[in-house]
Structure formats: structure tokens, C-alpha cells
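Residue numbering restarts at 1 for every chain, and letters A, B, ... go by the order of the sequence lines. This is a predicted model, so every value here is computed, not measured.
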There are 2 protein chains.
Amino acid sequence: MPQTPTAKGRATRARIIEGAAEVLRERGVAFTTLDDIRGRTGTSKSQLFHYFPDGKDELLLAVAQFEADRVLEDQQPHLGRLDSWESWQQWRDAVVERYERQGDECALGALFLQVGRARPGARAIVAELMRQWQGQLAAGIRALQANGLVPSSALDVDRTAASLLAGVQGGVAIMMSTGDATHLKAALDTGIEHLRAMAGAPGTATTERNCP
Amino acid sequence: MPQTPTAKGRATRARIIEGAAEVLRERGVAFTTLDDIRGRTGTSKSQLFHYFPDGKDELLLAVAQFEADRVLEDQQPHLGRLDSWESWQQWRDAVVERYERQGDECALGALFLQVGRARPGARAIVAELMRQWQGQLAAGIRALQANGLVPSSALDVDRTAASLLAGVQGGVAIMMSTGDATHLKAALDTGIEHLRAMAGAPGTATTERNCP
DNA sequence: TCCATTCTGGACTTGCTGGTCCATTTTCTG
DNA sequence: CAGAAAATGGACCAGCAAGTCCAGAATGGA
């Protein structure tokens, strides 16, 4: 652990994290060894321990943080601009697309299970991700309210955001297990529809797809 | 692999599965060895391989099936009788209680990740569990419809059930990560409330807790 | 240029863990 | 009772993967 890492050092460290993330997504945590990561990133054993003195756990934690950052990034710019029904629909499509592309490997979930719930670091990463995610959803609902698209009363914003987030998480989890995105789509559509039903026009609360 | 297992043999096999399930829930799959299971169940190495010739994977798969069966059992009899608002509320409470008691170990999720998505057996167990679970929820919604509590039109039963199931899964997943059941409760309450909003009485669709 | 620090290579060690093997005991069947 | 099949105990093996170590190369500042 150098006191002042050089540019080269930082680049190598980043390369290790990104390469490790790749391998972990492909093979899964349980089947990935340090040698796999070493091979993929073109590094040596000593480099791995040079940049992550606490060994595999520290590396996995760094990868987890890396992946957590990507989760919200991949939903931008839609997630940050949920102020119209169109933007909600765009966000919905972005989420579905992102997770369908990711396929069946839950990078974060797997990492979390491997590092262990005992370790406080893992919990903190996931908890913070959920906090931010839910915060952005809540902000989106408030933006709808501000634009008069949803009445301000008769709706617990934080609870609704929490519910929607849970639906997305569960939809993704089910997709990981079954390979089917039906539940994810159902959760998103039902959640958005629930918001629309709050709006003045009662006709929008049907089961039809919402088209702009 | 005996051709005709003895009563004693079956008992031992069951003891191994149950004991293994305990250990796995406590320590997590990644940190559980066959020796741990051997110790807990009071068996010898040869017994483990006698009853599970394909080794650890086969044992883990058996435990996964065992856990999957428990998931639905623990929600009965409520899950099978979702024909009134009271019964939905009772089911909701049972789910919250069950998962709050289970704490932070997602037995099935962990097992699934460890055995590997490549293996078809793991996928099948989870997929079948989800299918049955969603089926019972859908049956519950139809029961509401049959009792005239929810209008038959203007509601895609299967999609609503899928959405609710996703919410529960996500709520549980978030609780595993953060230790907080807020999202699980939010998903359940919002989902049930969504159904109530479909009913004729618009006043029921508020954010108040539903009391019988 | 010189020296300290950082970075890299790769051989080596070590502990653990899944899995094997065989001898022995128990249980079922006829 | 007798033999076969099933159940059990536990020593043993082999491979693997995390982690250690040290020598040497690159780098940066004075």
C-alpha cells in the first residue's frame, strides 16, 4: 500500500478492478480464483496483493463498489429526470434493457453473498445504493406532483418509491433465476400505472400500455 | 445409492438435509464445509457421500429443494385462502413475520448462486417455486373477484400477481442486504392497496393502514 | 545522476476441503 | 439362522487456491 501511488499504479489498480468485474460477471464469484483475475488483467500475484493488501475480500469489495456505481449510471439520464410520463416510460425501458443485457448474473448480489453479511463494508455499499436509488425515484414522484400530473395528497411518496424499488429488485432477482423478464416488466408497469391512477383522469388506470 | 433405502437410511438422509439447511442458514454457503455439516448432523464423511453420491452439489440442491418447499408452507394457510381483505392482510403479516424472523440469510438465493446457474436443477427449483407462488396469488385475486370485492374487468390478474410477487422478492432481497423490512412492507401494502383501489369504493385507496 | 519509493514477476508455502477407500457393524429377507 | 444389502466410521489422498517473499525493474524527485 503505497503512500503516494503513481499514475501507473492507479491505472493498474483500475485495470484490476475492471478486469475482475468482467471475470466475476462471466464465471460467478464462487468459481473465480485470483489466478483467473490475474490472467485476465495481465498482472502478477504480487500486484494483486500490492493494491489490495487484505487480499481477495478487499478486491471483491472494490469490485462491488465499482458495480454499484454502474447501476445508477446505467439508468441515467432518465433516472434523474422523471418529471413527465414520457420520461418515466423511458426510464422503465432503460431498466429493462439494462438488465436484459446483463443477463443472468447478479454481480452485486453474488459479491455480497461471498464477502459475507458479517463484514460491514458490503452492507454499506448496498444500503447506500438503495438509498440513492429510492431517493431519485421519490424525487421523480415529487416532480410529477410539482407538474400537476399527480395530486400531492393521497400518496405517501417515500412508501411508493420504496415499493417501486422493491418491485424492480424483485423483478431483477426473478429474472436472474428464471431468465424471464416478465416480472420485472410487470413490476415497473404496475408501479407506474399506480401513479397514473392517482392522477385525475381515471381512464388511465387500465391495463393498456401507456403510449405518449 | 442404495436400491431400497431402509427406514433408518431415510431418516439419516433427512437429518443430513435438515442439519445442512441449519448450518447453511447460519454461516452462509460460502463458509460452510462438508465437515461443518458432518459435525452438526453427527454423521461421517462416508454417509454424506453414501446419500449424496454426486457430492456437495447434490446435497446443496437437496437443501435448496427443502428450503423452497418451506417457503410456501410457511405462508399457509393464508396464502391458500386469499378470498377476503382480512385474509390478504393476514397473509401480508405472515410474510413479514416469516422473513423478519429469518433475518438476513437468503438461503435459497445463496444456494442458487453457489450451485451455479449453469446447472439446470437449480433454475428449475426456483422457477417452479415462483410459478406456484404467483399462481396462488393470482388465485387469490380471482377469489376477490368472485366475491365481488374487485371488479373482474380493468385488471390483468396475472400481471398484477407477477408484480406483487416481484415486490415481495425485492422487499426480501433488500431486507437481506440492509436489515430493514421497510421495503417489504411497502411493497405488500402498496400491492394490496392497488387491489383495493380497483374496488368500487375510492376511499379505500388512501395511505392509511388497513384495519379490519 | 543518485537514491528512495513504487511497481512487477513468479516461485514457493501452507492449509484446507472435497472426495476416495475399505473395514466394520447393522439391518433386512427368506 | 445365514447371507446379502445397506449403513457407518474414519483414516487417507490429492489438488487447488490464497497468501508470502524476495529479487529486480521502473519511476520520480532533488
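- Straight-line distance from the CG atom of B:Asp36 to the P atom of C:dG18: 8 Å, rounded to whole Å.
- Position along DNA chain D of the nearest nucleotide to A:Asp54 versus B:Pro5 favours B:Pro5 as the more 5'-ward residue.
- A sub-4.0 Å separation between OP1 or OP2 of D:dA6 and a side-chain N or O of B:Tyr51 is absent.
- Distances shorter than 4.0 Å separate none of the side-chain N or O atoms of B:Ser46 from OP1 or OP2 on C:dC21.
- For a distance-only test at 3.5 Å, the side chain of A:Thr6 fails to qualify as a donor-acceptor partner of the base of D:dG28.
- In this model, a donor atom of one side chain and an acceptor atom of the other lie less than 3.5 Å apart for A:His183 and B:Gln134.
- Look at NE2 on B:His50: it is 20 Å from P on C:dG18, rounded to the nearest Å.
- Between B:Phe31 atom CZ and C:dC16 atom P the separation is 15 Å, expressed in whole Å.
- Interface remark: the B:Lys45 side chain does not form any donor-acceptor pair with the D:dG9 base, using a distance-only criterion of under 3.5 Å.
- Atom-to-atom, CG of B:Leu48 to C1' of C:dT20 comes out at 14 Å; the value is rounded to the nearest Å.
- For the pair B:Glu18 and B:Arg70, the salt-bridge criterion is not met [side-chain N within less than 4.0 Å of a carboxylate O].
- With rounding to the nearest 0.5 angstrom, the CG atom of B:Leu59 is 7.5 Å from the CG atom of B:Leu24.
- Heavy-atom distances to DNA chain D give each of B:Gly42 and B:Thr4 a nearest nucleotide, and the one nearer the 5′ end belongs to B:Thr4.
- Summarising the geometry, the separation between CD on B:Glu58 and P on C:dG19 is reported as 11 Å, rounded to the nearest angstrom.
- At a cut-off of 3.5 angstrom, the base of C:dG19 holds no donor-acceptor pair with the side chain of B:Lys56.
- A donor atom on one side chain and an acceptor atom on the other are found under 3.5 Å apart for B:Glu128 and B:Gln132.
- Atoms CD (B:Gln47) and C1' (D:dG9) sit 8 Å apart, rounded to a whole Å.
- Side chains of A:Thr182 and A:Asp180: a donor on one and an acceptor on the other come within 3.5 Å.
- Look at CZ on A:Arg10: it is 12 Å from C1' on C:dT6, rounded to the nearest Å.
- Taking only side-chain atoms of B:Phe49, from C-beta outward, the nucleotide of C:dG19, C:dT8, D:dG19 with the closest atom is C:dG19.
- Atom NZ in A:Lys8 sits roughly 12 Å away from atom C1' in D:dG28 (whole-Å rounding).
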